[in-house]
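So the structure is just underneath, and the comments pick up after that.
Each chain gets a letter, A, B and so on, in the order its sequence line appears, and its residues count up from 1. Values below: every heavy atom of this structure, side chains too, minus hydrogens, waters and symmetry copies.
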Number of protein chains: 4
Amino acid sequence: MEISNVETLFDKTLQESKLTAKQQSVLKVSLNLFAEKGFDGTSTSEIAKQAGVSEGTVFKQFKTKDGILAALLNPFLDQVVPMAATEFLTEVKDLRFDDLTAFFNYVIKDRMTFAIANQKQLKILVQEIIRNSDMIQSFVDKIVSRILNTFGKSLQTFKDRGILVDWPTERIIRYFLGVAGSYIVPAVLIGKADQLDIEKSCSEATEFLVRGLTPIK
Amino acid sequence: MEISNVETLFDKTLQESKLTAKQQSVLKVSLNLFAEKGFDGTSTSEIAKQAGVSEGTVFKQFKTKDGILAALLNPFLDQVVPMAATEFLTEVKDLRFDDLTAFFNYVIKDRMTFAIANQKQLKILVQEIIRNSDMIQSFVDKIVSRILNTFGKSLQTFKDRGILVDWPTERIIRYFLGVAGSYIVPAVLIGKADQLDIEKSCSEATEFLVRGLTPIK
Amino acid sequence: MEISNVETLFDKTLQESKLTAKQQSVLKVSLNLFAEKGFDGTSTSEIAKQAGVSEGTVFKQFKTKDGILAALLNPFLDQVVPMAATEFLTEVKDLRFDDLTAFFNYVIKDRMTFAIANQKQLKILVQEIIRNSDMIQSFVDKIVSRILNTFGKSLQTFKDRGILVDWPTERIIRYFLGVAGSYIVPAVLIGKADQLDIEKSCSEATEFLVRGLTPIK
Amino acid sequence: MEISNVETLFDKTLQESKLTAKQQSVLKVSLNLFAEKGFDGTSTSEIAKQAGVSEGTVFKQFKTKDGILAALLNPFLDQVVPMAATEFLTEVKDLRFDDLTAFFNYVIKDRMTFAIANQKQLKILVQEIIRNSDMIQSFVDKIVSRILNTFGKSLQTFKDRGILVDWPTERIIRYFLGVAGSYIVPAVLIGKADQLDIEKSCSEATEFLVRGLTPIK
DNA sequence: TATGAATGAGACTTCATTCAT
DNA sequence: TATGAATGAAGTCTCATTCAT
């Protein structure tokens, strides 16, 4: 079983973007600086300097500083998230998971890997959500309903087989994200996400989730 | 059993601060604006305007804009968190919890109430952690070790009685925070934390935690 | 008969404006630079430098560069023009003009003096009209209808006495402005308005207008 | 009697210019934009976009932005004005005007038609005169002396015949331009020059001028 | 203590112009 | 000839901070 190679999605997006090397450099540098110092805490002159580019070049392509942010987040929101979601979900359909442990372990590992690979975008996204909760509301709704429909169906098969507690899908997903987040969030915030032992974290998280979500006979 | 009245800690801090009414107004307004728009996204002139105060007054007491931030977060970090922690822990000591459910339900409700009451400070804190992960590192360490020592002792009694799984305290706390966070974080981010049904959320969270953390005979 | 002292209207407006000396200096300098080099051709840094003021000060009071323009033109449009118009028209009512020559000479001299005194504002206004014909349309309509009502009544008395040709007021005013403008416009554009011999210009213009507007017996 | 077809002078100049279609497009677009928004208010990138041309192309032929301005105004100043002037003056010489009315009517209509046809160039010219009164001084002198010599001679014949008041040519031309301008300027500024009823305007203007300039017996 | 005018560094952005392709 | 990415100087504007009143 192969983990989808989500790490390269940002780079792949760059390559397909028809942006020049300099403009790609602007995006890469902006991703790092926005994640490190926040959007407001990053100046366009610093972006230009670190990208080895004139300040005019920064604006030639992206028009405004917000344009850079959009260029970073839109592919992530419009393509990466749904794509990765679909990607993993189609794989899920094709696979036979005999027990909850195998299924949970797969999903947790997949999502955790994705989160680590895109931790910078996630960090930036969190900041934007704080700065502008309205703008993000629609995005959240879209994502949630998508996950409910797809992931929820997988869960239903386990409920039908009597090996998953019969709680609302929303509640189960809540614990999924909460438990996964309890490993990812601290690691990302401290900036040591790369040192996270994914295998161990996944098996621990899976163990706890399976306990908590197995029906009591 | 009385829930500690954490909602008023900020206000109480203000009253005890010997600040003039205008300077208290500056702090209140800053708390709201920093939480809404971020520290960098808030200008001192806007603080002054909303506080009904001149621009000079903002700096008279707090010296710098960072000084305002410190005046908001330091009481929260230095007093409020430990105080509330201690407060709740001393109460815990005095109480007899016969089963895990009663204990977890109490703790979760206490912490969730606290988080909701201080959601703005938490929001600001998250932003600062993103902007400056180093500065916060020490704080995290301090808090964690404190919780480990105090909360961990309570957990040990349950482990000894064989009604709590024998995992490291750190791991159990991780799931505590993760599950509690799965209710609080979305509510706070969306800005609808006040509409959260705390009773229902706590009993749900407790139910799941108890399932996941009860030893399998 | 005393010519109204229109030269000091701008200065008087400044004094009544509650602006600090520095901000008044910004306005004075802006008036000169906008008139000399055009609005677009004048930079705020040059305004600041010539006004002996920091660039921040320029924006402290007037918010934007357009704000400076508004601060220059609004008093001119909202107060000066109507005021001067009313001023001269009430005087006209009180005066007895036996013949067309005396009346025309008075009016022409009054308006020509006013135009020379406010030549810079007029220059700026012309530029703005070119840049933004829509915005000015309403202003033109207001002024025209005002002049028609007031000046037109004076003209009517001369028509009734049979010493003024019975053309529409609008047409007569057209020639008034055209002939007066034929003296003022070149002088202002060349920048030698101060060398204009007002007495001679007025008597010449009056002579021509009286010839052209006297009924042919 | 044929009115010289001045409307096409700009187009004719373009055709004879050996400029490529793209470069002609640059000039046409620049003429419109400079007239609408002013020279300083028009960016070369906007010219390029509206002309359907790359930014580099704009500079390939005209070197600088001022070069575009020169390419627009120089033919107008160096060729169009004198040419049209000469053109009309040679025609005038060949024609016999029995009375002032016929002569004035012809001249006014000719010049008014010319002004309307070249209103955009005139608008641009006015802006440039405001921005740079020195540069234009020489041009004005040239034009004025030319008109004085040619138009002045025609006027002299009428003075000799005793049907034109014996004022200095300069003064008569002043009223000519003033009265003609009183029709043209408002129409051009408001942007409704095309709706101007030239026939009616000319006969009105002529009527007034003839009254004002006919000797009193 | 409180005010708010003043500051100047620096932010974002525009734009005329150049040059490799 | 034509393109458009790149430039960097300059423009408008913001903002934390100071200080005389």
Side-chain angles (χ1 to χ4, degrees), chain A residues 18-23 25-26 40-48 51-68, chain B residues 19-23 26 39-49 51-68, chain C residues 18-23 25-26 40-48 51-68, chain D residues 19-23 26 39-49 51-68:
Chain A
K18 292 184 180 175
L19 293 174
T20 65
K22 298 207 172 194
Q23 285 156 353
S25 177
V26 168
D40 286 322
T42 303
S43 74
T44 53
S45 74
E46 190 175 6
I47 292 172
V53 146
S54 78
E55 240 189 302
T57 299
V58 173
F59 289 90
K60 184 78 177 190
Q61 182 66 30
F62 304 107
K63 308 305 183 203
T64 66
K65 195 185 175 190
D66 279 297
I68 304 174
Chain B
L19 293 174
T20 66
K22 295 204 173 194
Q23 285 157 351
V26 168
F39 178 78
D40 287 321
T42 303
S43 73
T44 53
S45 73
E46 189 174 5
I47 292 171
K49 195 185 300 169
V53 146
S54 75
E55 295 188 53
T57 299
V58 173
F59 288 87
K60 191 74 181 184
Q61 180 66 29
F62 306 106
K63 308 306 183 201
T64 66
K65 192 185 176 189
D66 279 295
I68 303 174
Chain C
K18 293 185 179 174
L19 293 175
T20 66
K22 298 209 172 195
Q23 286 156 353
S25 176
V26 168
D40 286 321
T42 302
S43 74
T44 53
S45 74
E46 191 175 4
I47 292 172
V53 145
S54 78
E55 241 190 301
T57 299
V58 173
F59 289 91
K60 183 79 177 189
Q61 181 67 29
F62 304 107
K63 309 303 183 203
T64 65
K65 195 183 173 191
D66 278 297
I68 305 174
Chain D
L19 293 173
T20 66
K22 296 204 171 191
Q23 285 159 351
V26 168
F39 178 78
D40 286 321
T42 302
S43 73
T44 53
S45 72
E46 189 175 6
I47 292 172
K49 195 185 301 170
V53 147
S54 76
E55 296 189 51
T57 300
V58 173
F59 289 87
K60 192 75 181 183
Q61 180 66 31
F62 305 106
K63 308 307 184 201
T64 67
K65 192 184 176 190
D66 279 294
I68 303 175

Using a cut-off of strictly less than 4.0 Å, decide whether B/Ser45 has a side-chain nitrogen or oxygen near OP1 or OP2 of F/dC15. no
I'd like to know if the side chain of D/Glu55 pairs up with that of D/Thr44 as donor and acceptor (distance under 3.5 Å, no hydrogens or angles considered). no
Measure CZ/A/Phe59 against P/F/dG8 and give the value in whole Å, please. 16 Å
Taking any heavy-atom pair under 4.0 Å as a contact, classify D/Ser43: base, sugar-phosphate, or nothing. sugar-phosphate
Has C/Lys60 got a side-chain atom pairing as donor or acceptor with C/Gln23's backbone, closer than 3.5 angstrom? no
Remember a base hit wins even if backbone is also touched, and classify A/Thr20 as base, sugar-phosphate or nothing at under 4.0 Å, heavy atoms. sugar-phosphate
Counting Watson-Crick and G-U wobble pairs whose two distances are both under 3.5 Å, find the runs of 3 or more in a row that involve DNA chain F. E:2-21 with F:2-21
Interatomic spacing from OG in B/Ser43 to NZ in B/Lys49 - rounded to 0.5 Å: 7.5 Å
When you list every nucleotide of DNA chain E with an atom under 4.0 Å from a heavy atom of chain C, which one comes first 5' to 3', and which comes last? E/dA5 to E/dG8
Could you say whether B/Glu55 or A/Gln61 is positioned toward the 5' end of DNA chain F, judged by the nucleotide with the nearest heavy atom to each? A/Gln61
Using a heavy-atom cut-off of under 4.0 Å over every strand shown, decide if D/Gln23 touches base, sugar-phosphate, or nothing. sugar-phosphate
Rounded interatomic separation in angstrom, taking NZ from A/Lys60 and P from F/dG8: 14 Å
I need the NZ-P distance between C/Lys63 and F/dC13, as an integer number of Å. 12 Å
Specify the closest pair of heavy atoms between D/Ala48 and D/Val58, including all atoms of both residues, with the distance to one decimal. CB-CG2, 3.7 Å
Rounded interatomic separation in angstrom, taking CD1 from B/Ile47 and P from F/dT14: 17 Å
Gap between atoms NZ and C1', on A/Lys22 and F/dG8 respectively (whole Å): 12 Å
Could you grab the distance from atom CD1 of D/Ile47 to atom OG1 of D/Thr57, nearest 0.5 Å is fine? 12.5 Å
Mind checking if C/Lys65 touches a base, just sugar-phosphate, or nothing, with heavy atoms under 4.0 Å? sugar-phosphate
Can you give me the closest heavy-atom contact between B/Lys65 and B/Phe59, atom names plus distance? N-CE2, 3.9 Å
Toward the 5' end of DNA chain F, which comes first, D/Ser54 or B/Thr64, by nearest nucleotide? D/Ser54
Does A/Lys22 use its side chain to pair, donor to acceptor, with the backbone of A/Ser54 at less than 3.5 Å? no
